[in-house]
Amino acid sequence: MSLEFQQEQKRLDSVMETIEEEINRLEAETSRRKNEVVDIRKHFWDEVKVNTDTFDDYLETIIGLRQEAQALSVSQSSHRHASKRLSTLSRMQEVPYFGRIDFMEEGTSTPEQIYIGISTLRDSSGEDFLIYDWRAPVSSVYYDYQPGPAKYKTPEGVIEGILEKKWQYLTRGGVLQSMFDTSLTIGDEILQQVLGKGTDKQMHNIVATIQQEQNKIIRHDHGRLLIVHGAAGSGKTSAAMQRIAYLLYKYRERLNADQIILFSPNAMFSSYVSNVLPELGEENMQQVTFQEYLNRRLSKDFQVENPYEQLEYVLTATNTPSYRSRLASIRFKASTRFFEAIQLYRQSLELSGMLFKNITFRGKPIVTAQQIAERFYSHDTSLDFHNRLEKLKDWLIKNINEVQRIERTKSWVEEEIELLSDDEYHKARVYLAEKRGYKREAIADYEVEPEALAQLIVHQKLKPLRKRVRAFHFVDFKGTYKQLFADSLQINHWIEGETPEEWASICQATLEMLDEDKLFYEDATPFLLLKDLIQGFQTNSSIKHIVVDEAQDYSPFQFEFLRRLFPAASMTVLGDFNQAIFTHASETVDFNKLTSLYGSDQTEVINIARSYRSTKPIIEFTRRLVPNGEKIIPFERFGELPVLKQVADHVELHSSIASKVAGLRSLGLNSIAIICKSAEESISAYESLASINEIKLLKSNSIEYEQGVVVVPSYLSKGIEFDAVIIYDASEQVYGDESLRRVFYTACTRAMHYLQLYSVGKPSMFLQNVLREGFIQA
């Protein structure tokens with residue numbers, strides 16, 4: 001053991017002692033703060049004298065309440081901060097730091113040794129840094145430079161100097177296992193070890209192995225839109241999660257986790273990434289899928305198809321008569337042309353075409369749909385569209401108020417009064433008395449006035465109707481959307497160029513769904529767009545940053561929607577066109593065209609080509625499956641060639657898979673995925689492979705990513721990685737269409753260490769070149 005190694009271990013021992021002391025101090029503090037909070041809550045009202053006899057007494061009461069509430073808030077905040085810091089220090093006991101730079105700032109004569117970990121640690125005096133947070137400005141030197149001239153940005157300006165040495169450490173439980181003096185690409189030594197390990201059920205932080213291009217993503221902090229286009233396994237999602245942690249650190253005075261939203265591809269993926277921020281001592285941001293948003297807005301009125309149901313149809317219904325027109329519908333309704341058509345259609349509604357619903361009370365119309373339309377198109381037409389709707393709403397409320405005045409003398413009101421229970425009558429009496437200015441103690445003297453009670457009864461009965469009117473429920477949104485399809489020639493008023501040749505069939509299928517109160521997935525966002533263009537967008541200005549993962553699967557509608565929904569937010573967009581598996585992919589917004597969302601001066605595009613997930617033989621194989629695959633650069637991690645085995649039938653297939661799973665398990669692999677093309681094929685495979693111990697089936701509604709042996713449809717495996725992947729059936733019969741190339745590529749790129757493909761009969765055409773060139777073992 002070298003002297004230098006011994007000195008480093010000695011320093012590590014000292015750091016561990018400081019961490020231990022800090023933990024002991026914080027444990028005592030959190031216990032004390034917790035007791036304070038409990039005590040303040042318990043005796044809150046003992047400390048406040050409630051007296052409202054005079055204004056001065058009332059003011060004194062309010063001041064007393066505020067003081068006690070403030071004391072409680074301070075104790076709760078102190079307890080929360082201490083608990084959070086305690087959690088971070090507990091993680092630092094395992095790995096206090098992972099790197100060091102010896103940096104000599106310009107104008108100084110000796111280099112400073114800067115140790116880097118997941119959080120800052122000072123010595124007992126509080127004056128000297130023992131560890132710098134990986135997000136601190138100076139830490140960027142560790143990720144961005146090899147020894148030589150280096151610089152980093154601070155709020156005060158750019159600091160320049162010389163990076164003399166760069167060290168990497170591998171520590172476990174306070175013991176230094178290895179250290180590297182390296183001028184290599186950051187993380188190569190340790191990255192080899194990290195990538196060589198097996199997976200578990202959650203993604204982990206990568207701060208010890210962040211690469212230079214990933215660091216650029218993490219620390220990007222100018223403009224409103226960052227677009228990251230990267231190959232499968234390039235660390236896009238990992239970098240984005242560290243980016244959130246960085247933003248929370250840098251802007252901690254004005255940004256918190258509740259103001260950030262991650263749009264995930266599915267709930268299982270949300271579970272998979274949920275551990276990263278807590279590992280770094282940060283609270284998790286909000287996570288949601290776009291489908292969850294659609295359901296929240298539409299599920300009361302429609303049964304909405306989800307994207308996986310749509311994709312399942314595309315993958316399995318190839319022989320149905322309506323298949324061709326449905327594909328044309330999906331592509332057209334995701335296009336910018338249809339987006340523009342809906343905008344023009346909404347503009348045309350200013351002159352004619354708006355449909356409304358009758359306003360009814362007790363089975364009779366107060367105002368008919370025709371009367372509402374006549375009012376809308378004959379009054380206040382000089383106002384803009386939304387102001388006209390607001391005026392129309394006010395007019396309808398006046399009509400309801402007039403009905404209230406008339407109805408209170410009707411016989412049904414007397415019947416309602418007679419049917420009131422004692423409790424209901426008492427509540428009505430208290431309400432009316434307080435309205436008349438009676439104090440609580442004098443309510444017993446109040447005699448209920450029959451007219452006032454009748455008015456209250458009618459007012460309560462009309463309350464839901466007023467609420468619906470204020471929410472624009474008098475507009476027939478479904479009927480107005482249906483008009484786009486009622487006549488197949490109608491759309492020519494609002495669109496330039498040709499419609500799909502299947503347009504008449506598309507119109508018929510759309511109308512049939514709407515008549516059943518159902519929406520195709522491709523109709524959900526256009527419907528919402530039209531609705532919000534009519535009634536005004538429901539915006540959320542409290543959200544400051546949104547992250548969109550698997551961005552290649554979003555249509556122009558959805559990106560435009562997100563921009564309008566969150567007008568105050570900046571955006572990080574992550575994607576890979578080679579994994580664009582949805583049918584509308586050919587019409588998906590090109591990442592370079594996304595600059596129109598915020599303008600080119602507010603947008604930066606970062607391309608990352610190096611793939612880290614898989615071994616080099618697997619990447620050499622998968623990159624030959626897609627166009628422009630030569631741009632994907634494999635990380636130098638060696639392993640076995642992917643293997644293709646051709647079998648005669650499904651009996652042999654299932655026997656071979658069971659044997660292969662047993663062999664992979666014997667190697668100690670934690671996660672083995674049997675990936676099928678569709679959910680239909682997955683169910684069949686799962687049933688046939690039931691003899692495999694503890695095998696699980698992952699479905700689109702699965703909430704948590706499972707370890708062990710799983711059967712999963714290709715589209716649900718996106719964004720997740722497995723120690724070993726078995727492609728269930730890579731035959732020409734299953735993957736025989738060019739449209740499935742990206743689906744096939746996505747499935748194969750999930751493998752970290754082993755990739756096994758089976759083919760019942762002739763292998764897919766996607767495999768012909770790689771077989772001939774020797775990039776797969778047959």
Side-chain angles (χ1 to χ4, degrees), residues 217 220-229 236 240 243-244 247 251 254-255 258-265 285-298 307 333-347 384-386 521-575 577 580 582 584-585 587-606:
I217 295 164
H220 181 275
D221 60 358
H222 57 273
R224 294 192 63 190
L225 175 62
L226 173 63
I227 300 169
V228 180
H229 184 228
K236 299 183 297 295
R243 172 166 167 72
I244 292 170
L247 293 173
Y251 301 107
R254 62 179 192 266
L255 181 69
D258 290 337
Q259 295 174 309
I260 301 175
I261 291 182
L262 168 64
F263 278 88
S264 303
M285 74 269 122
Q286 301 179 63
Q287 291 193 60
V288 70
T289 66
F290 196 78
Q291 182 65 27
E292 286 168 342
Y293 170 74
L294 293 177
N295 287 340
R296 183 175 66 79
R297 293 285 310 274
L298 295 169
K333 288 174 181 174
S335 69
T336 52
R337 292 177 66 218
F338 192 57
F339 181 87
E340 290 160 1
I342 286 190
Q343 288 183 305
L344 291 172
Y345 173 51
R346 208 300 276 139
Q347 290 174 23
D384 73 27
F385 188 81
H386 294 115
Y521 181 67
E522 62 266 27
D523 279 300
T525 316
F527 176 86
L528 272 184
L529 175 67
L530 178 62
K531 184 176 182 180
D532 283 359
L533 286 172
I534 291 171
Q535 69 177 17
F537 270 78
Q538 299 183 12
T539 60
N540 184 336
S541 296
S542 66
I543 299 301
K544 303 303 180 190
H545 195 85
I546 59 177
V547 178
V548 182
D549 207 351
E550 303 293 351
Q552 71 278 355
D553 295 334
Y554 284 70
S555 73
F557 282 95
Q558 292 161 335
F559 273 115
E560 187 63 33
F561 233 83
L562 292 176
R563 185 183 68 82
R564 294 193 184 208
L565 284 172
F566 306 108
S570 54
M571 190 186 298
T572 299
V573 169
L574 318 162
F577 276 122
F582 286 90
H584 68 244
E587 289 289 350
T588 298
V589 177
D590 185 301
F591 285 0
N592 292 319
K593 292 178 182 175
L594 275 178
T595 54
S596 61
L597 284 174
Y598 298 107
S600 57
D601 61 325
Q602 291 290 313
T603 304
E604 182 166 349
V605 180
I606 297 176

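All figures in this text were calculated on a predicted structure; none of them were measured in a lab.
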With no hydrogens and no angle check, is any side-chain donor or acceptor of [X] less than 3.5 Å from a backbone partner on [Y]?
X: H386; Y: L533; value: yes
X: E604; Y: L226; value: no
X: R224; Y: M571; value: no
X: E292; Y: T289; value: yes
X: H229; Y: F577; value: yes

Exercise. Please walk me through it: do K544 and Y251 pass side chain to side chain contact (heavy atoms under 4.5 Å, CB included)?
Worked result: CA-CA 11 Å; K544 303 303 180 190; Y251 301 107; over 6 Å; no

Going from [atom1] on [X] to [atom2] on [Y], what distance comes out if it is rounded to the nearest 0.5 angstrom?
X: R243; Y: I217; atom1: CZ; atom2: CD1; value: 9.0 Å
X: L530; Y: Q535; atom1: CG; atom2: CD; value: 10.0 Å
X: I260; Y: S570; atom1: CD1; atom2: OG; value: 8.5 Å
X: R346; Y: I534; atom1: CZ; atom2: CD1; value: 7.5 Å
X: T525; Y: R297; atom1: OG1; atom2: CZ; value: 10.5 Å
X: L247; Y: D221; atom1: CG; atom2: CG; value: 8.0 Å

Exercise. For L562 and F290, what are the C-alpha separation, side-chain angles and deciding distance, and is it a side chain to side chain contact (heavy atoms under 4.5 Å, CB included)?
Worked result: CA-CA 10 Å; L562 292 176; F290 196 78; 4.2 Å; yes

Atom of [X], atom of [Y] and distance for their closest heavy-atom approach:
X: I543; Y: Q286; value: CD1-NE2, 3.6 Å
X: R563; Y: L597; value: CD-O, 3.0 Å
X: T603; Y: G599; value: OG1-O, 2.8 Å
X: Q259; Y: S542; value: CG-O, 3.5 Å
X: P567; Y: S541; value: CG-OG, 3.9 Å
X: A569; Y: Y598; value: O-OH, 3.6 Å

Exercise. With side chains defined as the heavy atoms from C-beta onward, is the minimum distance between F263 and D549 less than 4.5 Å?
Worked result: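 In short, these two side chains do not touch, never coming nearer than 4.5 Å.
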
Exercise. Does I342 reach the side chain of F527, with side-chain heavy atoms less than 4.5 Å apart?
Worked result: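 Contact flag for I342/F527 side chains = no.
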
Exercise. Would you say the side-chain atoms of Q558 and E560 include a donor-acceptor pair closer than 3.5 Å?
Worked result: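 Q558 vs E560: no donor-acceptor pair found between side chains.
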
Exercise. Quick one: which of F561, F559, Y293 gives a ring pair (Phe, Tyr, Trp, His ring centres under 6.0 Å) with Y554?
Worked result: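 Of all the options given, the one that passes is F559.
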
